[in-house]
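Chain naming here is simple, since letters A, B, ... match the order of the sequence lines and numbering starts at 1 in each.
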4 protein chains.
Amino acid sequence: MTQTKQQSRAVRGTGVREAAAQSTRDGILRAATKVFARYGYDGGSVEKISRLAKSYDRMIYYYFGNKEGLFIAVLEGIYQRMDEAEAKFAPDANDPVEALKTAIRFRLDYYRRHPDFVTLLNTENLHKGKHVSKSPRAPEFSSHAVNLIARILANGASQGLFRSDLRPRDIYLLIVSTAYFHTSNRYTMSAFLGEPLDTPEAVAQWEAFVIDSVLRVVKA
Amino acid sequence: MTQTKQQSRAVRGTGVREAAAQSTRDGILRAATKVFARYGYDGGSVEKISRLAKSYDRMIYYYFGNKEGLFIAVLEGIYQRMDEAEAKFAPDANDPVEALKTAIRFRLDYYRRHPDFVTLLNTENLHKGKHVSKSPRAPEFSSHAVNLIARILANGASQGLFRSDLRPRDIYLLIVSTAYFHTSNRYTMSAFLGEPLDTPEAVAQWEAFVIDSVLRVVKA
Amino acid sequence: MTQTKQQSRAVRGTGVREAAAQSTRDGILRAATKVFARYGYDGGSVEKISRLAKSYDRMIYYYFGNKEGLFIAVLEGIYQRMDEAEAKFAPDANDPVEALKTAIRFRLDYYRRHPDFVTLLNTENLHKGKHVSKSPRAPEFSSHAVNLIARILANGASQGLFRSDLRPRDIYLLIVSTAYFHTSNRYTMSAFLGEPLDTPEAVAQWEAFVIDSVLRVVKA
Amino acid sequence: MTQTKQQSRAVRGTGVREAAAQSTRDGILRAATKVFARYGYDGGSVEKISRLAKSYDRMIYYYFGNKEGLFIAVLEGIYQRMDEAEAKFAPDANDPVEALKTAIRFRLDYYRRHPDFVTLLNTENLHKGKHVSKSPRAPEFSSHAVNLIARILANGASQGLFRSDLRPRDIYLLIVSTAYFHTSNRYTMSAFLGEPLDTPEAVAQWEAFVIDSVLRVVKA
DNA sequence: TATGAATGAGCGTTCATTCAT
DNA sequence: CATGAATGAACGCTCATTCAT
């Protein structure tokens, strides 16, 4: 009953019917990404999604089994797009300082321009990661980013620019923390600090500070 | 319109009935904090809360007006407790390095030991801070923490230990980001990295790294 | 349990406590008249009434036993006021034509200026008169109006102006029908006819038509 | 927003499922007419209706959007049936006196035999006609009755039987008032007058009086 | 006499999901 | 493949009413 039509279609040809189906499926997935990001898992109703996708509730069950299956598919989608974006962007490893700056900017930019990604991850953490643990593809997206940091750090260390006692994982987490938090908590933090965090000036200022700070941390 | 019984009782005597009422109200508030933290705003149903509080749905509306009013009261409660905890803890300002270390440890500890706080803030950010903006008491809790950092940094700068070109706000955000993220995203990050973030070892290791990093950032 | 404090107070003196109580009771009654007239019996909640009266739900039960008792008291009140208004107005019986005109005008005016009366009667008819049948005072208010018509008709007949084969009851009902309906159904009829019924012009025009028509009916 | 399934189905074929659906919808509409007529709008709960229709609450929202939409559909239904009944009945215009008698009898009979119609109209007037104003079909039902009266009066005037200075609208309202009131207020009026209004004798007597009176009013 | 607190049933409405073509 | 119809539980909230001072 939880078997969906996703797998079987993959091995068949891509006739006109399959294309139409693919577009229906994609439309639902796109709508679900928006709705779940905006309303959370519980707040995002099946009907909201199907209506936004201009489809029918029934189709969600046809393609994704149930609401949870749809949410997992959404998570996989945003992970994959994040991974693809990271794969495309390849900083020059020969200039470790510039490469690190670029990597930091990429993170800050990506979260800021994809608040849905952030919201969906928060939602998933609210559910203690129960959905992501059901997706076998999740870990495969993860190592690329850490590996990139590792290469940059190694290069910097070999050039005598960076410390050699650093764990790439820590630097990765440091960057991600500062980038993620700035988008994730922009509403409560703005209220807290009494100043907005999402103006271009505030964003640029934070970016400069983070880059400078990380460089101080890694400096040999 | 949604006038509640909260204010009027405070100025009156504390008879046996008032005490019982207070306990009913507090029980609901405590239950709501747990339920909202666990299930989010939409997932946290009024019935779940009243059942956990061993009370009745109706009493939630009696004391808090509606579900949103209850959620706002929950937010105010966790902010206030956080603020009180921060007020109690007063690091020795004469030793800026140690004071900064203590401040960082406090943050890391507080979030780690109060995951509800983190979850509720994420929920509130999911709703774009709409509830916190309705609470006039929210901003009053905010400045203490930044002021503390400011004093420490000023002290460190005057002793020639720290840089003098730092904005306290930035250091505050740096600490908070690293502390918050480690708790907030522990589930997805654990899955991502393939290793748990919430073991005592991982926590201790992250604490050491953050303290070391912040000190490198502020060092003159 | 359904015993109220209404009767017992009547025989006691009218001290300051009783006066305060009377004003509480009257305030509730006045508020209930408005609320029931506006929202009907089911739509008029106890809380709406007590809030409008700036009193407490509990007082309604104290003074009127329950919601139904309050509604009966409201009905008795509007009947009594109607009866008193009719008693005050005493047309000159020696001029039957003018007296009849005056009686008609009184009815038209009273309903138009007391739409609450009309609405409450409709509400009571919706409930098949179950409340009014519980009030022993209702019939005592009724005969005055018919008796007045009877006197006018008798006088007119004895002067050779009016028919002598008329039943006062029928003329009374004819007048009441045309007066009541014009107020009672003003909303649906306005929509139906595509023109408002409650403008001064429409009211005056209808009054003239009704007076002229009734006179044609009774004319010898 | 509250889009229902009503329109789209009308243009499609009438398969067995469509028929079943139609019967579900009609059953709800029939049940709602009874329940609203008996308990009013507020007193007529969604559950009462769905239970009487042997359906489910959910289907009311499926077919009618919400309770208000259902009530509007009920109003449209009774208007339409009234209109159809009036269209079927076509008195001989060549005999204006007899035609007028027939028209009066029709009105008196229709209200007496359809007390639901009367009750629903009163309910709608309680709500100040807010539902009927949302129905674009309401006015289309209205003019037929007035037009009929107009034709009869014109015919009578041209034959020298009726006055020529009459406004059809007034005669229409006169007839409707006397007919409507006798059904609408039968409960309170019976209690008032101390005699029942809905016995066959009382009905016949009132019919005779109204017919005689209207003829006296229109007589040349 | 007045008032705050409590109670359980019921309200209109939406939920995720399945059935039947 | 797509769609309309059906289903029962749960939702946030209000109801009339009673208890306890």
| How many Å lie between CD on Glu68(D) and C1' on dG12(E), as a whole number? | 12 Å
| message | Once ring-ring contact (aromatic ring centres under 6.0 Å, His included) is applied, do any residues pair with Phe36(D), and if so which ones, sequence neighbours excluded? | response | Tyr41(D), Phe71(D)
| Does the pair Ile49(C) and Asp57(C) meet the rule for a side-chain contact (heavy atoms from CB on, under 4.5 Å), with working shown? | CA-CA 8 Å; Ile49(C) 293 166; Asp57(C) 290 13; over 6 Å; no
| message | Just the rounded figure in Å: distance from C1' of dG8(E) to CE of Met59(B). | response | 13 Å
| note | Paired runs of 3 or more consecutive Watson-Crick or G-U pairs involving DNA chain E, with both pairing distances under 3.5 Å, are E:2-21 with F:2-21
| said: Output the rounded distance in Å from CD1 (Ile60(B)) to P (dT7(E)). | reply: 13 Å
| message | In whole Å, I'd like the distance from the CZ atom of Arg58(B) to the C1' atom of dT7(E). | response | 10 Å
| Counting just side-chain N and O atoms, does Tyr63(A) come under 4.0 Å of either OP1 or OP2 of dA2(F)? | yes
| query | What residues, two or more places apart in sequence or in another chain, satisfy side chain to side chain contact (heavy atoms under 4.5 Å, CB included) together with Ser45(A)? | reply | Glu47(A), Lys48(A)
| task | Would you tell me if any nitrogen or oxygen in the side chain of Thr24(B) comes within less than 4.0 Å of OP1 or OP2 on dA5(E)? | result | no
| Residues which pass side chain to side chain contact (heavy atoms under 4.5 Å, CB included) with Lys130(C), listed by chain and number, not counting sequence neighbours | Glu68(C), His127(C)
| query | side chain to side chain contact (heavy atoms under 4.5 Å, CB included) with Leu126(B): which residues, sequence neighbours excluded? | reply | Thr119(A)
| How far apart are the C-alpha atoms of Arg25(B) and Leu29(B), what are their side-chain angles, what is the distance that settles it, and do they pass the side-chain contact (heavy atoms from CB on, under 4.5 Å) test? | CA-CA 6 Å; Arg25(B) 208 192 104 100; Leu29(B) 201 51; 4.2 Å; yes
| request: List in numerical order all residues of residues 27-54 of chain B for which some heavy atom is under 4.0 Å away from an atom belonging to DNA chain E. | output: none
| Nearest heavy atoms of Ala37(B) and Leu120(B), plus distance in Å | N-CD2, 3.7 Å
| query | If you check the Tyr61(C) side chain, which of dG8(E), dG12(F), dT17(F) turns out closest? | reply | dT17(F)
| field | Length of the CG-C1' vector between Asn66(C) and dA16(F), whole Å | value | 9 Å
| field | Atom pair OG/OH of Ser55(D) and Tyr63(D) - distance to nearest 0.5 Å | value | 8.0 Å
| Between Asp57(C) (CG) and dT7(E) (P), how many Å, whole number? | 17 Å
| Under 3.5 Å, is there an N or O donor on one side and an acceptor on the other linking the side chain of Tyr62(B) and the base of dA5(E)? | yes
| field | From CG (Leu121(A)) to CG (Leu75(A)), nearest 0.5 Å | value | 7.5 Å
| message | If I take atom CG in residue Asp26(B) and atom P in nucleotide dA5(E), what distance separates them, rounded to the nearest angstrom? | response | 12 Å
| field | Whole-Å gap separating C1' (dA6(E)) and OH (Tyr56(C)) | value | 17 Å
